[in-house]
Novice: 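Sending over a structure as structure tokens; questions will come in a sec.
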There are 2 protein chains.
Amino acid sequence: MLNKKVTSLEVAKLAGVSQSAVSRVFTPGASSSKKTNELVRKAALDLGYRPNILARSLITGKTKIIGLVVAYLDNYFYPEALELLSGALQKNGYHVLIFMATNTSGNIDNVVEEILDYQVDGIIAASVGMSTNLASRCSDVGVPVVLFNRTQDDKRLSAVTSDNELGGQKIAQFLCDNDHKRIGYIAGWEGASTQRDREKGFTDELKKNGQNIFAREVGNFNLDEARQAARKMFTANQIPDAVFVVNDHMAFAVMDVMRYELGLKIPEDVSVVGYDDVPIAKWLAYSLTTVRQRANRMVDETVSILIDSIENNSTKPRRIAIDGPLILRGSAKILDNYGV
Amino acid sequence: MLNKKVTSLEVAKLAGVSQSAVSRVFTPGASSSKKTNELVRKAALDLGYRPNILARSLITGKTKIIGLVVAYLDNYFYPEALELLSGALQKNGYHVLIFMATNTSGNIDNVVEEILDYQVDGIIAASVGMSTNLASRCSDVGVPVVLFNRTQDDKRLSAVTSDNELGGQKIAQFLCDNDHKRIGYIAGWEGASTQRDREKGFTDELKKNGQNIFAREVGNFNLDEARQAARKMFTANQIPDAVFVVNDHMAFAVMDVMRYELGLKIPEDVSVVGYDDVPIAKWLAYSLTTVRQRANRMVDETVSILIDSIENNSTKPRRIAIDGPLILRGSAKILDNYGV
DNA sequence: TATATTACTGAAATCGATTTCTAATAGTAG
DNA sequence: CTACTATTAGAAATCGATTTCAGTAATATA
């Protein structure tokens with residue numbers, strides 16, 4: 001019933017060569033004669049032999065596994081990113097071992113310890129932070145770490161983000177240019193660099209235009225809290241005429257509350273702008289004006305940093321911020337003479 | 001700079017015991033004295049030692065890795081399922097190695113070969129099929145396979161789905177009960193069991209109510225094709241007064257076309273029903289009546305089948321279809337006297 | 001034809017753990 | 001105090017590959 005696993009030794013026996021010879025045939029860059037090659041490949045095919053990656057890893061020290069820590073799969077930017085990441089790594093012969101850093105498991109550090117147990121070649125931390133302690137463990141054992149869609153100060157860590165500060169600026173500029181006078185902001189979790197950078201760019205640029213944030217609430221990257229924030233902001237005495245919600249995912253929730261609970265018209269009563277340009281943003285029900293995070297560019301950079309670190313032992317951490325355009329859709333008012 | 005990896009031998013040296021002793025301390029179920037235990041744990045902590053899972057796997061034959069093949073992360077049922085799956089497996093000490101079976105890589109079989117190279121303990125195939133050839137390779141090497149949200153005839157494969165046929169019936173019954181007379185259907189990819197089963201239950205139950213499908217188009221689980229299908233169906237001479245779209249994801253696209261391109265009112269002009277109850281279905285912009293796939297139950301079953309197969313060598317494949325309720329929301333008309 | 005190079009080969013060491021086997025020690029019963 | 005059983009310890013085999021090493025065969029050079 002069980003054929004059990006086929007080992008290189010059995011192939012060697014069938015092919016009438018040494019076990020080393022079999023290994024060499026399957027090791028790129030090793031030398032073997034045409035004849036051995038044929039013999040071995042034929043025997044391997046007959047037996048259905050494929051090299052055991054784990055055994056190989058044990059001696060080469062490379063597993064071709066990348067550990068991916070991810071927290072918010074309900075924000076649809078991440079499934080998209082995950083798909084691209086996994087695809088790109090696959091193309092380079094790597095695979096992704098997933099670790100959920102959900103509320104359930106609490107501490108990220110434990111998760112990363114587990115990752116290291118698997119002798120991964122590298123780690124991608126998507127929208128989660130890392131303790132300094134842990135960062136040093138990774139750098140000690142020579143496992144490169146790339147933060148995806150998050151930065152933090154630790155100099156040992158590479159990071160790839162969109163240019164969040166610039167994105168915030170673009171939004172502020174856009175709203176001011178289109179004559180909005182009471183501009184609100186719904187924030188994400190304050191611990192996240194995305195939140196901080198977007199807000200900084202946003203408020204800085206408002207100031208340059210002689211404005212301040214007119215109302216501010218916190219949604220913590222959580223839909224329920226975002227709805228709560230919207231209710232509060234838009235039942236006040238004087239409501240904003242525009243609101244920037246720190247990401248698309250929360251912006252959708254905010255729009256629903258505004259339209260279906262509070263009877264506000266978008267963009268006639270209030271303009272709404274998000275950030276990410278997830279696929280839903282262009283669905284006609286929302287048609288959300290937003291800054292695009294170029295997931296494919298971000299993924300390309302992440303993968304190339306990682307592979308470069310692994311294969312060329314390049315140890316210098318890099319930080320990359322990718323510019324993304326403001327995508328104009330129906331959720332924000334535009335003056336007739338804007339951009340002409 | 002690089003502390004390099006710490007091995008059990010170094011710990012043994014520091015603790016003044018044999019390497020076997022170190023191993024025993026970290027092997028659950030092995031015996032060691034309290035004293036050795038303390039010595040070893042202290043030394044391990046000092047050096048930052050953790051056992052190398054790969055080396056362990058080599059000899060135990062268990063990797064604690066589950067291969068997950070997944071195709072459609074843009075259907076938001078899957079990120080949710082992935083999150084639950086990964087979480088549940090993590091709780092049991094397993095981790096998920098992801099393999100994208102996207103259009104890019106074409107053939108699933110290659111992907112599964114790659115999975116097997118990693119000596120995974122089990123495989124979850126989410127909404128993808130497997131060739132018989134491959135199924136036998138898996139059963140040969142004793143790797144259990146569970147199909148998630150898909151069935152196929154091969155008897156060696158376990159499968160967990162929602163009760164798609166029953167779900168289809170419920171929808172038909174509901175639409176008939178609420179006085180719809182021209183009921184349309186927008187289908188998914190014909191190769192998928194979910195598509196076939198849902199349609200079968202649906203049409204069977206329509207027949208019992210003396211009706212047939214009034215109009216039928218194919219959307220192939222693809223948003224653009226779904227939109228195309230909607231345009232065709234709802235610009236015909238006589239349009240349906242209700243439509244069942246094979247999954248939520250496509251239903252949203254269909255609703256957008258109906259409302260924003262064709263000016264139809266939902267549910268006044270047409271009732272719309274979906275299937276899955278993804279999180280977006282309850283967003284007020286869609287408020288979609290749909291059959292719930294109980295992702296958590298499906299995941300629990302999947303994980304328990306898998307772990308049972310792995311740890312108890314239970315080899316009998318199982319098929320599970322989980323009943324899910326019809327969730328009534330605003331996208332479908334309901335008669336005043338319905339359900340009273 | 002003799003010699004220097006190169007291309008391959010198989011035996012054996014290695015990676016880092018678990019596990020079997022044998023021996024020693026501790027604990028218990030009579 | 002002896003005999004017997006449980007615990008525990010270390011040495012060595014093992015998992016399935018890669019890689020070093022040393023030697024042989026094939027080819028190139030003089």
Side-chain angles (χ1 to χ4, degrees), chain A residues 2-41 43-44 47-65 114 116-121 141-142, chain B residues 2-41 43-44 47-65 93 116-121 141-142:
Chain A
L2 288 194
N3 282 5
K4 294 304 296 167
K5 325 249 171 172
V6 183
T7 72
S8 58
L9 198 66
E10 305 172 43
V11 177
K13 233 172 263 171
L14 179 61
V17 297
S18 75
Q19 184 261 345
S20 333
V22 176
S23 171
R24 274 190 276 259
V25 169
F26 286 96
T27 305
S31 85
S32 65
S33 70
K34 205 180 291 178
K35 206 181 74 188
T36 337
N37 210 294
E38 275 169 21
L39 282 172
V40 169
R41 287 202 183 278
L47 297 175
Y49 168 80
R50 309 195 98 218
N52 180 330
I53 294 202
L54 267 44
R56 169 183 293 167
S57 302
L58 191 55
I59 195 152
T60 59
K62 298 273 165 241
T63 53
K64 295 282 178 178
I65 297 179
E114 282 183 54
L116 291 176
D117 291 348
Y118 279 96
Q119 316 296 119
V120 296
D121 290 345
V141 294
Chain B
L2 289 193
N3 282 4
K4 293 307 294 168
K5 325 248 173 177
V6 184
T7 73
S8 58
L9 198 66
E10 305 172 42
V11 177
K13 232 171 265 171
L14 180 61
V17 299
S18 76
Q19 183 260 346
S20 331
V22 176
S23 171
R24 274 190 277 260
V25 169
F26 286 96
T27 306
S31 84
S32 65
S33 70
K34 206 179 292 178
K35 207 181 75 187
T36 345
N37 209 295
E38 275 170 21
L39 282 173
V40 168
R41 288 204 183 276
L47 297 175
Y49 168 79
R50 309 195 98 218
N52 180 331
I53 294 202
L54 267 45
R56 170 183 294 166
S57 302
L58 191 54
I59 195 151
T60 61
K62 298 276 166 237
T63 51
K64 297 283 180 174
I65 298 179
L116 290 175
D117 290 349
Y118 279 96
Q119 316 297 118
V120 296
D121 290 344
V141 294

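Per chain, numbering begins at 1; letters A, B, ... match sequence-line order. What you are looking at is a predicted structure, and each value in this text was computed from that prediction instead of being measured.
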Novice: Got a second to check how far A:L54's CG is from B:L58's CG, nearest 0.5 Å?
Specialist: 7.0 Å
Novice: If I take atom NZ in residue B:K62 and atom C1' in nucleotide C:dT19, what distance separates them, rounded to the nearest angstrom?
Specialist: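 Computing the B:K62:NZ to C:dT19:C1' distance gives 16 Å.
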Novice: Under the 3.5 angstrom rule, does the side chain of A:T27 hit a backbone N or O of A:A30 as a donor-acceptor pair?
Specialist: no
Novice: Could you state the atom-to-atom distance from CG of B:L39 to C1' of D:dA9 in whole Å?
Specialist: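 Nearest whole value for this atom pair: 13 Å.
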Novice: Only one of A:V22, A:V25, A:V11 clears side chain to side chain contact (heavy atoms under 4.5 Å, CB included) with A:V17; which?
Specialist: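 The passing option is A:V22.
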Novice: Listed by chain and number, what are the side chain to side chain donor-acceptor pair (under 3.5 Å) partners of B:S32, not counting sequence neighbours?
Specialist: B:N37
Novice: Please tabulate, one pair per line, each protein N/O and nucleotide N/O from nucleotides 16-23 of chain D that are separated by under 3.5 Å, including the distance.
Specialist:
{"unit_1": "D:dG16", "atom_1": "N2", "unit_2": "A:A55", "atom_2": "O", "d": "3.3"}
{"unit_1": "D:dA17", "atom_1": "OP1", "unit_2": "A:Y49", "atom_2": "OH", "d": "3.2"}
{"unit_1": "D:dA17", "atom_1": "OP1", "unit_2": "A:N52", "atom_2": "N", "d": "2.8"}
{"unit_1": "D:dA17", "atom_1": "OP2", "unit_2": "A:S8", "atom_2": "N", "d": "2.5"}
{"unit_1": "D:dA17", "atom_1": "O5'", "unit_2": "A:Y49", "atom_2": "OH", "d": "3.3"}
{"unit_1": "D:dA17", "atom_1": "N7", "unit_2": "A:Q19", "atom_2": "NE2", "d": "3.3"}
{"unit_1": "D:dT18", "atom_1": "OP1", "unit_2": "A:T27", "atom_2": "OG1", "d": "3.3"}
{"unit_1": "D:dT18", "atom_1": "OP1", "unit_2": "A:R56", "atom_2": "NE", "d": "3.0"}
{"unit_1": "D:dT18", "atom_1": "OP1", "unit_2": "A:R56", "atom_2": "NH2", "d": "3.2"}
{"unit_1": "D:dT18", "atom_1": "OP2", "unit_2": "A:S23", "atom_2": "O", "d": "3.4"}
{"unit_1": "D:dT18", "atom_1": "OP2", "unit_2": "A:S23", "atom_2": "OG", "d": "2.1"}
{"unit_1": "D:dT18", "atom_1": "O5'", "unit_2": "A:S23", "atom_2": "OG", "d": "3.4"}
{"unit_1": "D:dT18", "atom_1": "O4", "unit_2": "A:Q19", "atom_2": "OE1", "d": "3.4"}

Novice: Between B:D117 and A:I53 (side chain of the first, backbone of the second, donor and acceptor by atom type, cut-off under 3.5 Å), is there such a pair?
Specialist: no
